2 protein chains.
Amino acid sequence: MSLTSRQLEILSFIQEWIRERGFPPSHGDLAEHFRFNRNAAREHLLALARKGEIELSANDARGIRLLKDSAPRQFELPLFGNIAAGAPITAPENAQEWLRIDPDLFRPRADFLHRVDGDSMIEAGILKGDLVGIHHQAEARNGDIIAACLLDRRTGEESITLKRYRRRGSEVSLLPENPRYEPLVIDLKRDADEQELPGFRIAGIMVGLFRPGAPG
Amino acid sequence: MSLTSRQLEILSFIQEWIRERGFPPSHGDLAEHFRFNRNAAREHLLALARKGEIELSANDARGIRLLKDSAPRQFELPLFGNIAAGAPITAPENAQEWLRIDPDLFRPRADFLHRVDGDSMIEAGILKGDLVGIHHQAEARNGDIIAACLLDRRTGEESITLKRYRRRGSEVSLLPENPRYEPLVIDLKRDADEQELPGFRIAGIMVGLFRPGAPG
DNA sequence: TCGATTACTGTGCAATTGCACAGTCCTGAG
DNA sequence: CTCAGGACTGTGCAATTGCACAGTAATCGA
């Protein structure tokens, strides 16, 4: 039995709440957040329990247990796809998958993983299919490997690409680590003004990688 | 600040309770189980919070969050050093460290991690300092990257090295992925007989890698 | 058109719950 | 000996909380 979109909203909120605080929300907490009646909260919980998503413990305050995916998210990282239209590309609810890798194994802490889809960074030891750990931050130093977020203004689609970062004045170069590829140069002044250029922002810096599987 | 034995009892009970039910116990639940007053429960919780074991959310029913890891070892991998004398090099009790990475993220499952200490595998995208995931198995196919276990018969020390495996008859070649290094060739027949040669066995095959930190 | 389901509002109650305050008993360090 | 801290008992209160019951409205397949 599948969930309605509203029920999925409620379930996601409960998961998020538990991850953040370590204990489930009460009926009142749900009602306050969604701005509905406490009884509406109760009925949603009953529906989620009926559909096997959660288990309710009768008469116990916050007596909610997540049945699916009950592992603590505290030690997991979200993996994001390459392209997002509309919603921000690195919003937790858009995660393709959650991998049980402790974010604190990276320095600084990783906020999400990104799958590398080409061989443009091969000389930095980053192969196609590798999952790179990214620490969310809007600025980078020269020489950092960054997850660059490029916006195609015609389609509204955002994509993430991994490149070495170099900035001179208002000119940003995104350098591949493979002689067969060309650097991408962006003029921040023009980028801010013109509509034809792809919008650019730094999604974060690379803080490590995970490779599931041996190389060829 | 360390816990008293009583406080440890209480903390263990809370961890167990959460694992079983998915939400923390109330003061009353603690009081009922330990057959003491509800206020005694509260004071124990305050003590645990003071000592940094838990975090309490004021006025929230069951507002307890565990701060230190209660993550099951199930989702962790041991990291082994390079050299072991005497005891088998990959015995869990000799682990340098346990890292929270789900062994099942690798295919096949990883049994331990090994830190790469040179650049002999650089062309396979494996850099110095990388942690490679190894699946325990005694045999390998040609082309597999293996963790080779070499025994120095004079000192009794075992060391692990990562190489690509190739076997022709009784001749095993351990091939680096770097033109500046030479292959290591072992004759299995002579290895079994003579005392001067280093003993060789396959500790396992590489099934992935983890790199904490960005490259240069 | 009917019934089922979803998604709510509104009210009320009894039990649960966190918390405050007042005490007791014991142990170990200064 | 004193004093602090741990480990409790006991009481009381206000807020929180789960839950029951009574409705409303919209949607949707039969």
Side-chain angles (χ1 to χ4, degrees), chain A residues 1-70 93, chain B residues 1-68 70:
Chain A
M1 218 190 313
S2 68
L3 299 182
T4 68
S5 65
R6 190 59 163 162
Q7 287 166 352
L8 192 64
E9 266 187 87
I10 314 267
L11 182 60
S12 301
F13 175 75
I14 296 172
Q15 291 169 338
E16 190 71 10
W17 176 291
I18 293 178
R19 193 167 97 233
E20 275 173 10
R21 318 199 190 203
F23 56 90
S26 66
H27 296 180
D29 294 328
L30 286 165
E32 190 182 349
H33 178 264
F34 289 102
R35 300 178 178 279
F36 53 46
N37 196 277
R38 276 168 52 215
N39 195 53
R42 175 171 160 73
E43 283 176 350
H44 273 297
L45 291 178
L46 289 172
L48 288 172
R50 236 183 359 255
K51 296 189 175 182
E53 295 290 333
I54 62 174
E55 190 180 280
L56 295 177
S57 179
N59 294 313
D60 285 330
R62 304 169 195 270
I64 302 172
R65 124 164 277 174
L66 300 175
L67 291 178
K68 302 182 181 172
D69 193 11
S70 68
E93 57 272 22
Chain B
M1 217 186 321
S2 68
L3 299 182
T4 68
S5 64
R6 190 59 162 159
Q7 286 166 354
L8 193 64
E9 266 189 87
I10 314 269
L11 182 60
S12 303
F13 174 74
I14 295 171
Q15 292 169 338
E16 190 70 13
W17 177 290
I18 293 177
R19 205 175 22 252
E20 276 175 6
R21 318 197 189 207
F23 55 91
S26 67
H27 297 178
D29 295 327
L30 286 164
E32 188 183 351
H33 179 263
F34 288 101
R35 299 176 176 282
F36 53 45
N37 195 277
R38 278 169 48 216
N39 194 53
R42 175 172 159 74
E43 281 175 352
H44 273 298
L45 291 178
L46 289 173
L48 287 172
R50 236 182 0 254
K51 296 187 177 183
E53 295 291 333
I54 62 173
E55 189 180 280
L56 295 177
S57 178
N59 295 311
D60 284 331
R62 304 169 195 269
I64 301 171
R65 125 165 274 173
L66 299 175
L67 291 178
K68 303 195 175 163
S70 59

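Per chain, numbering begins at 1; letters A, B, ... match sequence-line order. Because the structure is a prediction, the values reported are computed rather than measured.
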(Q) With side chain to side chain contact (heavy atoms under 4.5 Å, CB included) as the test, pick out the partner of B:Leu11 among B:Gln7, B:Gln15, B:Glu9. (A) B:Gln15

Between atom [atom1] in [X] and atom [atom2] in [N], what is the gap in whole Å?
X       : N     : atom1 : atom2 : answer
B:Glu32 : D:dT9 : CD    : C1'   : 17 Å
A:Leu3  : C:dT5 : CG    : P     : 16 Å
A:Leu8  : C:dA7 : CG    : P     : 11 Å
A:Arg35 : C:dT9 : CZ    : P     : 12 Å
A:Leu46 : C:dT5 : CG    : P     : 14 Å

Q | All salt bridge (Lys or Arg N to Asp or Glu O under 4.0 Å) counterparts of B:Glu32, not counting sequence neighbours | A | none

**Q.** Residues forming a side chain to side chain donor-acceptor pair (under 3.5 Å) with B:Glu16, sequence neighbours excluded
**A.** B:Arg19

Q | Under the side chain to side chain donor-acceptor pair (under 3.5 Å) test, residues paired with B:Arg21 that sit two or more places apart | A | none

Q: Decide if the gap between the ring center of B:Phe36 and the ring center of B:His44 is smaller than 6.0 angstrom.
A: yes

Q) Would you call the rings of B:Phe34 and B:Phe13 parallel, tilted or perpendicular if under 30° counts as parallel and over 60° as perpendicular? A) perpendicular

(Q) Would you compute the distance between atom CD1 of B:Ile18 and atom CZ of A:Arg65 and round it to the nearest 0.5 angstrom? (A) 11.0 Å

Q | Spatial distance of atom CG (A:Leu45) from atom CD1 (A:Ile14) [nearest 0.5 Å] | A | 5.0 Å

(Q) Can you build the contact string for nucleotides 16-30 of chain D? Use B for base contact, S for sugar-phosphate-only contact, and - for no protein heavy atom under 4.0 Å. (A) -BBBBBB--------

Q. Okay, side chain of B:Arg62, backbone of A:Ala61: is any donor-acceptor separation there less than 3.5 Å?
A. yes

**Q.** Short side-chain N/O contact to C:dT5 OP1/OP2 from A:Thr4, under 4.0 Å
**A.** no

Q. Does the side chain of A:Lys51 get closer than 4.0 angstrom to OP1 or OP2 of C:dT5 through an N or O atom?
A. no

Q. If you take all heavy atoms of B:Phe23 and A:Ser57, which pair is closest and at what distance?
A. CZ-CB, 3.6 Å

**Q.** Residue pair A:Ile64 / A:Pro24: nearest heavy atoms and the distance that separates them
**A.** O-CG, 3.4 Å

Q.
Five pairs per end, C1' atoms only: what is the angle between the end axes of the helix from C:dT1-D:dA30 to C:dG30-D:dC1, to 10 degrees?
A. 40°

Would you tabulate the pairs of protein nitrogen or oxygen atoms and nucleotide nitrogen or oxygen atoms of nucleotides 26-30 of chain C closer than 3.5 angstrom?
none

